[in-house]
Amino acid sequence: MNADNLKEKEESRPSISFIEQFIAEDIKEGKNGGAIVTRFPPEPNGYLHIGHAKAICLDFGMANKFGGKCNLRFDDTNPVKEDVEYVDSIKEDIRWLGFDWDEREFYASDYFGKLYNFACDLIKKGFAYVDDQSAELISTQKGTPSQPGTESPFRNRRVEENIDLFERMNKGEFDEGSRVLRAKVDMTSSNMHMRDPIIYRIIKSPHHRTGSIWMVYPMYDFAHGQSDYFEGVTHSLCTLEFEVHRPLYDWFIDRLKKDDYRPRQIEFNRLNLTYTMMSKRKLLELVRKNRVKGWDDPRMPTLCGLRRRGYTPEAIKRFVDLIGYTKVEAINDVSLLEHAVREDLNLKTARVFGVLNPLKVIITNYPEGQVENVELVNNPEDENMGKRMVPFSREVYIEQDDFMETPPNKFFRLAPGMEVRLKGAYIIKCEGFKKNDKTGAIEEVYCTYDADTKSGGNMSEKKVKGTLHWVSSAHAIDAEVRLYDRLFINEDPAGEKDDDWLNFLNPDSLKILTGCKVEPSLRSAKPLDKFQFQRLGYFCVDYDSNEPNLVFNRTVSLKDTWSKINR
RNA sequence: UGACCUAUGGUGUAAUUGGCAACACGUCUGAUUUUGGUUCAGAAGAGUUCAGGUUCGAGCCCUGAUAGGUCAACCA
């Protein structure tokens with residue numbers, strides 16, 4: 001597939017999400033004067049992962065599609081969980097994906113004043129009250145989904161008393177947990193969120209942006225919709241679990257809005273990936289318990305982890321495009337993500353020679369000390385990527401897997417008496433090998449080469465079934481390669497148990513291979529450069545290496561039909 | 001026991017709004033290939049959760065089941 005085909009394919013994609021249809025209808029009906037404003041509202045309490053990428057692509061994508069704008073808004077209403085470290089990383093990751101919020105960077109904390117005033121307004125109109133009860137008592141009074149709640153004895157406090165108490169809550173006169181502000185909605189509602197939801201609580205920890213000027217902080221439900229309103233957001237896209245919050249969202253907007261404009265909440269399905277655990281809480285736990293080296297550990301499904309692993313933003317966006325947005329709780333197959341990565345990297349990456357498990361081959365009839373440079377195409381998919389010269393000599397390394405003493409049927413590589421081509425160089429024939437008597441390991445393979453079969457030469461039409469990658473032993477650079485097998489966990493998230501999820505971590509998700517040999521052209525490779533090691537997969541140069549040599553992370557393996565045949 | 005949401009090949013999504021169920025991934029064949037990659041050609045695989053109803057005609061509308069999910073944090 002070339003770039004044009006890909007473009008064609010993308011354009012031919014027929015699906016239009018229900019969200020797109022909703023927005024198109026709203027425009028048609030002239031709602032909000034035809035304006036389209038969306039927002040991406042992360043809480044700065046962790047790093048962004050691939051699930052967020054789905055939301056980001058939608059929020060920015062819909063704005064772009066309809067000529068609108070997308071705001072970046074940090075939902076920082078809970079100071080005990082949040083930190084500037086996360087703010088910075090979130091911005092970096094969104095930019096990496098290729099989206100820009102220009103100057104529209106907002107914080108829910110920017111609206112603390114407005115929200116406070118709105119809360120006072122609700123109190124004055126009899127729509128909110130201070131409750132002195134304990135969390136436990138409030139909780140039991142809420143009832144259950146099938147049984148209505150009962151009203152708090154403080155529900156009908158006088159307005160003046162409520163205002164006074166709320167002000168004093170904010171001055172720090174009361175302990176955390178001693179009082180809350182609740183909206184007066186309906187304790188008998190079938191929707192639990194409407195049973196006089198708590199809208200303000202006392203928190204005395206300093207906020208990462210506002211310091212200690214506030215002692216009361218709004219809850220999500222009291223901040224999100226209003227923030228949307230303050231910013232002129234028209235379409236507030238969020239995940240399915242917020243569906244039951246929508247009546248409350250609308251309830252607050254009804255009491256806040258002063259004109260025809262109103263934001264609309266639309267829910268879509270969250271991303272679930274097989275073998276992948278994406279709960280922010282659990283990712284944080286992995287980092288804290290040092291089960292991974294950090295948020296950007298290449299095993300992490302975080303955007304920075306995937307980046308370090310060698311994923312491209314284009315591949316991630318393509319994947320998101322392929323899975324679509326619906327209201328079905330879907331579990332997407334990682335193989336589709338991996339497909340998207342291969343599709344993108346196949347076009348972009350230079351092919352290089354690297355041998356993961358070296359086995360020395362000695363070409364007995366090749367002159368000792370002779371070195372010749374053979375010419376190789378960097379990327380058969382893209383001529384513009386040019387060619388390179390790779391040194392060839394009497395001793396080369398091939399992959400251990402590429403030699404078998406007693407080969408099975410359909411084995412097209414090297415075995416006693418068999419001929420293969422060393423890619424870009426000569427056809428060689430296996431004449432013998434040295435085996436360790438004790439371990440049975442093959443230590444060296446002896447071959448002869450046919451000088452007339454050099455690539456590009458006259459006799460080069462001679463056909464052999466197999467072509468091997470190789471690295472000249474005298475010129476090879478030692479490298480370390482980290483192989484990643486799937487992202488994370490062995491079982492699908494559906495089967496995941498909450499208590500012992502750490503045991504689901506795939507022990508094979510990181511294998512480190514040392515002593516790998518790579519061709520000398522890689523000496524100039526820079527961190528995050530990506531390559532395709534012939535027949536082995538796509539690899540990305542790591543930036544977190546204490547070793548003097550190159551370290552590669554395997555991005556994704558190639559489709560390997562041989563191992564399937566072998567199975 | 002309640003409210004809300006959802007149900008289409010193995011997986012994820014479509015179906016011009018009521019007109020022969022299509023696409024992608026995956027799987028399997030074959031061809032080309034100096035990557036067992038890529039590319040190309042082709043195949044198998046669902047009759048749309050079930051039962052009724054409306055209609056000339058239903059994946060789509062109606063009724064009722066069934067299954068799964070969400071909701072009872074001073075988290076977002």
Side-chain angles (χ1 to χ4, degrees), chain A residues 1-2 5 9 12-17 21 41-43 45 75-78 80-82 131 134-135 138-140 142-149 176-182 189-195 198-203 216-217 219-221 223-224 238 240-247 267 269 274 280-281 322-333 335-340 342-343 346-347 351 376-377 380-381 410-413 420-425 427 455-456 460 463-469 532-537 558-566:
Chain A
M1 156 144 1
N2 58 35
N5 282 347
K9 215 168 164 183
S12 70
R13 201 177 64 94
S15 66
I16 294 176
S17 71
Q21 287 182 34
E43 184 188 13
N45 68 344
D75 231 336
D76 55 351
T77 56
N78 186 359
V80 302
K81 284 188 168 184
E82 296 151 7
D131 197 328
S134 68
I138 290 175
S139 172
T140 53
K142 271 199 177 165
T144 69
S146 52
Q147 287 172 323
E176 284 187 17
S178 63
R179 271 173 240 259
V180 290
L181 185 69
R182 300 175 71 181
S189 171
S190 57
N191 183 340
M192 295 294 288
H193 296 280
M194 301 298 271
R195 319 243 260 232
I198 292 168
I199 59 177
Y200 262 98
R201 74 292 210 192
I202 301 168
I203 298 176
V216 290
Y217 290 88
M219 298 284 288
Y220 166 84
D221 282 312
H224 202 95
C238 62
L240 246 25
E241 64 266 32
F242 291 101
E243 217 154 15
V244 283
H245 293 247
R246 192 173 1 141
E267 308 85 11
N269 62 345
T274 53
K280 248 196 218 175
R281 205 198 84 230
L322 287 169
I323 60 177
Y325 300 88
T326 67
K327 303 195 78 159
V328 186
E329 298 208 29
I331 299 176
N332 295 90
D333 202 326
S335 64
L336 187 60
L337 208 211
E338 292 177 348
H339 161 79
R342 286 191 204 102
E343 190 178 54
N346 180 48
L347 301 173
R351 275 59 171 165
L376 285 154
V377 172
E381 312 293 324
K410 287 190 154 186
F411 182 79
F412 303 145
R413 308 180 199 178
V420 294
R421 175 175 289 283
L422 293 178
K423 188 175 172 67
I427 291 177
S455 288
S460 64
K463 301 275 181 193
V464 283
K465 272 280 196 181
T467 303
L468 305 185
H469 55 274
Q532 187 193 109
F533 282 8
Q534 303 271 186
R535 232 185 50 227
L536 301 174
L558 256 37
K559 275 196 219 162
D560 186 358
T561 45
W562 160 246
S563 69
K564 274 181 214 157
I565 294 164
N566 207 17

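Reminder, nothing fancy here: chain letters follow the sequence lines and each chain counts from 1. Predicted model, so just to flag it, every value in this text is computed and none were measured.
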Just checking A/Asn269: base, sugar-phosphate only, or nothing, at a heavy-atom cut-off of under 4.0 Å?
sugar-phosphate
Sugar-phosphate only, base, or nothing, as touched by A/Ser335 at under 4.0 Å among non-hydrogen atoms
sugar-phosphate
Looking at A/Asn332, does any N or O in its side chain come under 4.0 Å of the phosphate oxygens OP1/OP2 on B/U13?
no
Taking the nucleotide of RNA chain B with the nearest heavy atom to each, does A/Met192 or A/Lys423 sit closer to the 5' end?
A/Lys423
For A/Arg246, report the nucleic acid contact type (base, sugar-phosphate, nothing); a contact means any heavy atom under 4.0 Å.
nothing
Is it true that the side chains of A/Asp333 and A/Ser335 contain a donor and an acceptor less than 3.5 Å apart?
yes
Is B/A22 paired to anything, Watson-Crick or G-U wobble with both distances less than 3.5 Å, and if yes, which nucleotide?
B/U13
Test for a donor-acceptor pair under 3.5 Å between the base of B/U35 and the side chain of A/Arg535, counting only N and O atoms.
no
Under 3.5 Å, is there any donor-acceptor pair linking the side chain of A/Arg342 to the base of B/G37?
no
What contact category does A/Lys410 fall into here, base, sugar-phosphate, or nothing, at under 4.0 angstrom with non-hydrogen atoms?
base
Pick base, sugar-phosphate or nothing for A/Ser190, based on heavy-atom distances below 4.0 Å to the nucleic acid.
base
Is A/Arg201 near enough to B/A76 that one of its side-chain N or O atoms lies under 4.0 angstrom from OP1 or OP2?
yes
When we call it a touch if two heavy atoms are under 4.0 Å apart, what does A/Phe533 touch: a base, just sugar-phosphate, or nothing?
nothing
What's the separation between atom CD1 in A/Ile198 and atom CZ in A/Arg182, rounded to the nearest 0.5 Å?
6.0 Å
Would you say B/U11 has OP1 or OP2 under 4.0 Å from some side-chain N or O of A/Thr274?
no
Ignoring backbone atoms, establish whether A/Lys559 has a side-chain N or O less than 4.0 Å from OP1 or OP2 of B/G36.
no
Does B/U33 have a Watson-Crick or wobble mate here (both distances under 3.5 Å), and if so which one?
none
Ignoring hydrogens and angles, are the base of B/U1 and the side chain of A/Gln147 linked by a donor-acceptor pair under 3.5 Å?
no
Closest nucleotide of RNA chain B for A/Lys465 versus for A/Asp333: which of these residues is on the 5' side?
A/Asp333
Sugar-phosphate only, base, or nothing, as touched by A/Gly424 at under 4.0 Å among non-hydrogen atoms
base
Report yes if a side-chain nitrogen or oxygen of A/Lys327 is closer than 4.0 Å to either non-bridging phosphate oxygen (OP1 or OP2) of B/U70; otherwise report no.
no
Within the 4.0 Å heavy-atom criterion, would you say A/Arg351 contacts the bases, only the backbone, or no part of the nucleic acid?
base
Considering every strand and a 4.0 Å limit on heavy-atom distances, what is the contact class for A/Gln532: base, sugar-phosphate, or nothing?
base
Applying a 4.0 Å non-hydrogen cut-off, can you work out what A/Leu240 is touching in the nucleic acid: base, sugar-phosphate, or nothing?
nothing
Quick check: any donor-acceptor pair below 3.5 Å linking the side-chain of A/Thr326 to the base of B/U13?
no
Classify the nucleic acid contact of A/Ala135 as base, sugar-phosphate or nothing, counting any heavy atom under 4.0 Å across all strands shown.
base
Hey, does A/Pro380 reach any base, or is it just sugar-phosphate, or nothing, if we go heavy atoms under 4.0 Å?
base
Base, sugar-phosphate or nothing for A/Ser139? Non-hydrogen atoms, less than 4.0 Å.
sugar-phosphate
When you check the phosphate oxygens OP1 and OP2 of B/U33, does a side-chain N or O of A/Thr467 lie under 4.0 Å from one of them?
no
What contact category does A/Gln534 fall into here, base, sugar-phosphate, or nothing, at under 4.0 angstrom with non-hydrogen atoms?
base
